[in-house]
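To start, the structure under review is shown below, and the notes come after it.
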Amino acid sequence: MVRRIDVSGSGGVRLAAWEFADPPKRPCREGAGGPGPGAVLLLHGLMGRAAHWAETARWLSGRHRVVALDQRGHGRSERPADGPYTRDAYIADAQAAIEALDLAPAVLIGHAMGALTAWQLAARRPDLVRALVICDMRASALGAATQREWGEWFRSWPVPFATLADVRKWFAEGDPTLERPRPARGDYYAEIMAERADGWRPAFSRRQMLQARETYAHDAHWEELALVQCPALVVRGPDGELGRAEAQEMVRVLPRGTYAEVQDAGHLVHYDQPEGWRQAVEPFLEAALRA
């Protein structure tokens with residue numbers, strides 16, 4: 001079972017949170033997150049949505065209270081025309097969700113931009129975060145050139161797509177940025193399209209996505225990473241955006257960091273290799289929550 005819960009985020013922005021399975025009948029202590037299995041908050045990446053975590057939530061919900069958040073500008077959450085789509089806004093939204101849903105101290109599992117939000121919140125509010133999983137997000141600055149590349153990439157999308165099959169095919173095979181076909185990537189992007197009168201288009205504003213990315217692409221985030229006190233797992237795929245050397249340096253900088261690599265995975269680790277992703281994350285959570 002999945003149920004939607006609306007949460008008021010920073011500045012009153014309406015956020016859609018999705019709770020997977022029934023909440024525990026009896027919390028472990030005061031608050032849903034207490035000792036024992038506790039609560040998990042899942043944070044998708046740029047352009048993503050809470051539904052991207054469905055497979056992960058299925059196995060997590062056997063032991064945890066699991067909530068996935070549609071972040072501002074994404075999924076079923078509000079898309080304010082004027083934003084803000086800043087780091088502070090995304091961090092404050094995640095904090096608001098944890099507090100409103102009584103999840104603290106929560107395990108935060110984030111992909112890409114969602115992982116950055118997770119470790120920045122853990123650095124600022126260690127009382128709210130019990131453990132952290134960082135999936136394919138760099139601590140180094142991405143650079144101005146990447147913003148231009150993203151703008152060009154967005155303009156290359158052949159929208160509108162006539163069918164969802166066309167969406168899957170283009171993002172899995174036709175996208176010129178791909179080095180080789182990735183079927184799971186097609187499924188991922190099919191989840192973020194909406195049907196319009198003329199065909200299938202992104203369910204978000206590409207302009208707003210570039211605004212959101214602009215607020216973290218130019219800066220490095222090593223200092224905040226070093227402030228994360230809880231157990232933290234850095235996960236990457238060999239074909240992802242986070243290189244092995246940088247990932248291992250992130251683990252060194254994290255006071256309680258560990259490393260996992262999921263073979264045959266790219267940037268979308270949890271989509272490319274869901275079983276390998278589970279094998280990386282599940283033992284870490286068991287060890288971290290026993291500590």
Looking at Arg185, Arg244, Arg182, which one forms a salt bridge (charged side-chain N to carboxylate O under 4.0 Å, His left out) with Asp239?
Arg182

Leu121-Trp222 co-clustered via ILVMFWY side chain contacts under 4.5 Å:
yes

Roughly how far apart are Leu42 CG and Leu108 CG, rounded to 0.5 Å?
9.5 Å

Could you tell me whether Glu241 and Arg138 have a side-chain N and a carboxylate O separated by less than 4.0 Å?
no

With no hydrogens and no angle check, just 3.5 Å: does a side-chain donor-acceptor pair link Glu261 and Tyr259?
yes

Which is it for Leu101 and Val7 under the side-chain contact (heavy atoms from CB on, under 4.5 Å) test, yes or no, and what are the steps along the way?
CA-CA 8 Å; Leu101 300 175; Val7 174; 4.2 Å; yes

May I ask you to decide if the ring planes of His74 and His44 are parallel, tilted or perpendicular, using 30° and 60° as cut-offs?
tilted

Between the side chains of Gln208 and Tyr85, is a donor N or O closer than 3.5 angstrom to an acceptor N or O?
yes

Taking atom CD of Glu282 and atom OG1 of Thr56, what is their separation to the nearest 0.5 Å?
10.5 Å

Less than 4.0 angstrom from a charged side-chain N to a carboxylate O is my criterion; do Glu99 and Arg125 meet it?
yes

Flag, side chain of His111 to backbone of Gly48, donor-acceptor distance under 3.5 Å:
no

Drop me the distance from Arg49's CZ to Ile192's CD1, to the nearest 0.5 angstrom.
9.0 Å

Could you state the interatomic distance from CG (Leu69) to CH2 (Trp53), rounded to the nearest 0.5 Å?
12.0 Å

Indicate, with yes or no, if the rings of His52 and His270 have centres closer together than 6.0 Å.
no

Same apolar cluster: Val2 and Val66, side chain cutoff 4.5 Å:
yes

Got a salt bridge between Asp198 and Arg196, using NZ or NE/NH1/NH2 to carboxylate O under 4.0 Å?
no

Flag the pair Arg76 and Asp70 as a salt bridge only when some basic side-chain nitrogen lies within less than 4.0 angstrom of an acidic carboxylate oxygen.
no

Determine whether Trp277 and Cys135 make a side-chain contact, defined as any pair of heavy atoms from C-beta on separated by less than 4.5 Å.
yes

Would Ser140 and Glu246 count as having a side-chain donor-acceptor pair, cut-off 3.5 Å?
yes

Could you check Arg213 against Gln147 for side-chain hydrogen bond (donor to acceptor under 3.5 Å, both in side chains), going step by step and ending with a plain yes or no?
CA-CA 8 Å; Arg213 193 176 187 277; Gln147 279 295 97; 2.8 Å; yes

Checking Asp136 side chain against Arg236 main chain: does a donor-acceptor pair fall under 3.5 Å?
no

Once rounded to the nearest 0.5 Å, what's the spacing between atom CZ of Arg201 and atom CZ of Arg206?
7.5 Å

May I ask you to decide whether Glu249 forms a salt bridge with Arg252, counting only side-chain N to carboxylate O separations under 4.0 Å?
yes

Please test Trp200 against Thr163 for side-chain hydrogen bond (donor to acceptor under 3.5 Å, both in side chains), starting from the C-alpha separation and ending with a verdict.
CA-CA 7 Å; Trp200 293 84; Thr163 67; over 6 Å; no

Centres of the Trp157 and Phe171 rings: under 6.0 Å?
yes

Quick check for you: to the nearest 0.5 Å, what is the distance between Trp119 atom CH2 and Glu224 atom CD?
8.5 Å

If only side-chain N and O atoms count, and only distance matters, is there a donor-acceptor pair under 3.5 Å linking Asp175 with Thr177?
yes

